[in-house]
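Residue numbers start from 1 in every chain, and the chains themselves are labelled A, B, ... in the order their sequence lines are given, proteins ahead of strands. Just so it is clear, the values below take in all heavy atoms, side chains as well, and ignore hydrogens, waters and symmetry mates.
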2 protein chains.
Amino acid sequence: MAPANTSSAATSEPRLGLRERKKIQTRQAIRRAAYLLFERQGYDGTPIDQIAEAADVSPSTVFRYFPTKEDIVLTDEYDPVMEAAIRARPADESPVEAIRQGVHVAMRHIMENDIVELRQRTRLVREVPSLRGRQAEGMGQSARMLCTVLAERSGRDANDVELRVVTSAILGAMHEALMYWVEQGQQEDLIALIDRTLDVLDRGLTL
Amino acid sequence: MAPANTSSAATSEPRLGLRERKKIQTRQAIRRAAYLLFERQGYDGTPIDQIAEAADVSPSTVFRYFPTKEDIVLTDEYDPVMEAAIRARPADESPVEAIRQGVHVAMRHIMENDIVELRQRTRLVREVPSLRGRQAEGMGQSARMLCTVLAERSGRDANDVELRVVTSAILGAMHEALMYWVEQGQQEDLIALIDRTLDVLDRGLTL
DNA sequence: CGTTAAATGGCAGTAACTCTCAAAAGATTG
DNA sequence: CAATCTTTTGAGAGTTACTGCCATTTAACG
């Protein structure tokens, strides 16, 4: 199998050493193999050893790249994107509105690059309890990030209860919207759905 | 051991058989032993075998009572209490308000019975990632329950997106409040804190 | 008391990790 | 280019949560 360098992201970046390139490649190989096997025989039905074999690396290496099996599925690097997007918004905007814009940007980013993976991943998260649990962890991280950013904008402490409550509520709501989306067969316009979700929050959770 | 309970002794509750009583007893023994060991040597530092030994049962039995180690920590039976409380509220009350009242009732219930355990448990949940993840699962259950109840009141479908968003946001927010509470040393009045949290939601997540 | 059903304990097996160490491969310097 | 240094990899042994299976004990019931 030839490398085939599918990344296609205008490789104008600083030339990475061979080591770095191989690392990225291996990482991708493992994830690809895993997703394929998960699709075919389910998450729980796929032992790490088998993933390792399919990706042509040793089990040790799999664990080196992904500390837990869940991490193979749950790896998004969109937090920084969203963070940047929010920072770019005017400081007098309401938290909900700022986050709305941040999510819009991150969403467009995802849709362009790997919407297929988003579907697959969300489906897995929905079905496998341990993944759902792990993702909640990730949301905790995102929440802390949002708190920090919003704290700067509003001049509050990043540990302010109300601030933390706001971010947690928003993330909880959006997660639920995502789940709804996959349950419905991912037909709806995701951005519109998220907007509706944020509207509900905006108007004080009235029905 | 002689039966001794047969007729004369007014055994308070609907007379449980010896079997049932022993089961409850065993369950409690395991949990007590576990909490004690967790306190002393941490959650991850305490293998099931040790818990079994301390509770004077076999490891098999531990797994029979608690399908996972996490379940030893996370077992609350307050959902039904809250459900009943919400059902008792007038149907024209807003979701947030109804849940507020439901939480009040459940909280009082907890405070009277096992506030010590609440502290210990919440502390554990805060510290141990796997527990946090598992608890998120539990919140999912609670969310579905709330959806069902609120659906009846509002005449909506229990699967309505907005309904689901509302419950998820509320639960996410309350969870965060609880975390804040333990972080601050559990000094504040928990009920007041939760009220503040719900107020934030009520006014549309403005700061 | 004898029979039945449930709870228990022990044991073997699986799978997700963790640790350690030696070999292989990329980077670096003379 | 060779020698050395550093990073990545693979292999093996060990831990622990969990699953199934079967024999034994123990409560329930006629």
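Ring geometry for B:His109 against B:Tyr78 counts as perpendicular: the plane angle is over 60°, on a 0 to 90° scale with 30° as the lower cut.
Nucleotides of DNA chain C with any atom under 4.0 Å from a heavy atom of chain A span, from 5' to 3', C:dA16 to C:dA27.
Side-chain atoms of B:Gln187 come within 3.5 Å of backbone N or O of B:Gly185 as a donor-acceptor pair.
Residue contacts for A:Pro67: at a heavy-atom cut-off of 4.0 Å it reaches the sugar-phosphate backbone alone, with no base atom in range. Within the 4.0 angstrom heavy-atom criterion, no nucleotide atom of any strand lies near A:Phe66. Within 4.0 Å of A:Thr46, counting heavy atoms only, lie sugar-phosphate atoms of the nucleic acid but no base atom.
If you take CZ of B:Arg134 and P of D:dA17, they are 15 Å apart, rounded to a whole angstrom. Straight-line distance from the CZ atom of A:Arg21 to the P atom of D:dT7: 18 Å, rounded to whole Å. Look at CD1 on B:Ile48: it is 9 Å from C1' on D:dT16, rounded to the nearest Å. In this structure, CZ of A:Arg27 is placed 13 Å from P of D:dT8, rounded to the nearest angstrom. A:Asp56 places its CG atom 12 Å from the P atom of D:dT9, with the value rounded to the nearest Å. Spacing between atom CG of B:Asp71 and atom C1' of D:dC18 amounts to 12 Å, rounded to whole angstrom units.
Between D:dT8 and A:Lys23, a contact under 4.0 Å exists linking OP1 or OP2 to a side-chain N or O.
By the 4.0 Å N-to-carboxylate-O rule, B:Glu183 lies close enough to A:Arg164 to be salt-bridged with it.
For A:Leu163 against A:Cys147, the heavy-atom pair with the smallest separation is CD2-O, 3.6 Å.
For the pair A:Lys69 and A:Phe63, the NZ or CZ position fails the cation-pi test of under 6.0 Å to the six-membered ring centre and within 45 degrees of the ring normal.
The ring-ring contact (aromatic ring centres under 6.0 Å, His included) test applied to B:Tyr35 returns no partner, not counting sequence neighbours.
Checked options A:Glu188, A:Met174, A:Gln184; the residue passing with A:Leu193 is A:Glu188 (criterion: side chain to side chain contact (heavy atoms under 4.5 Å, CB included)).
A heavy-atom distance below 4.5 Å is found between the side chains of A:Arg89 and A:Arg153.
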* Treat primed atoms plus P, OP1 and OP2 as sugar-phosphate and everything else as base, then score nucleotides 21-30 of chain D 5' to 3': B for base contact with protein heavy atoms under 4.0 Å, S for sugar-phosphate contact only, - for none. => -----BBS--
* Show your working on salt bridge (charged side-chain N to carboxylate O under 4.0 Å, His left out) between A:Arg132 and A:Glu127 and close with a plain yes or no. => CA-CA 8 Å; A:Arg132 231 175 346 205; A:Glu127 295 166 352; over 6 Å; no
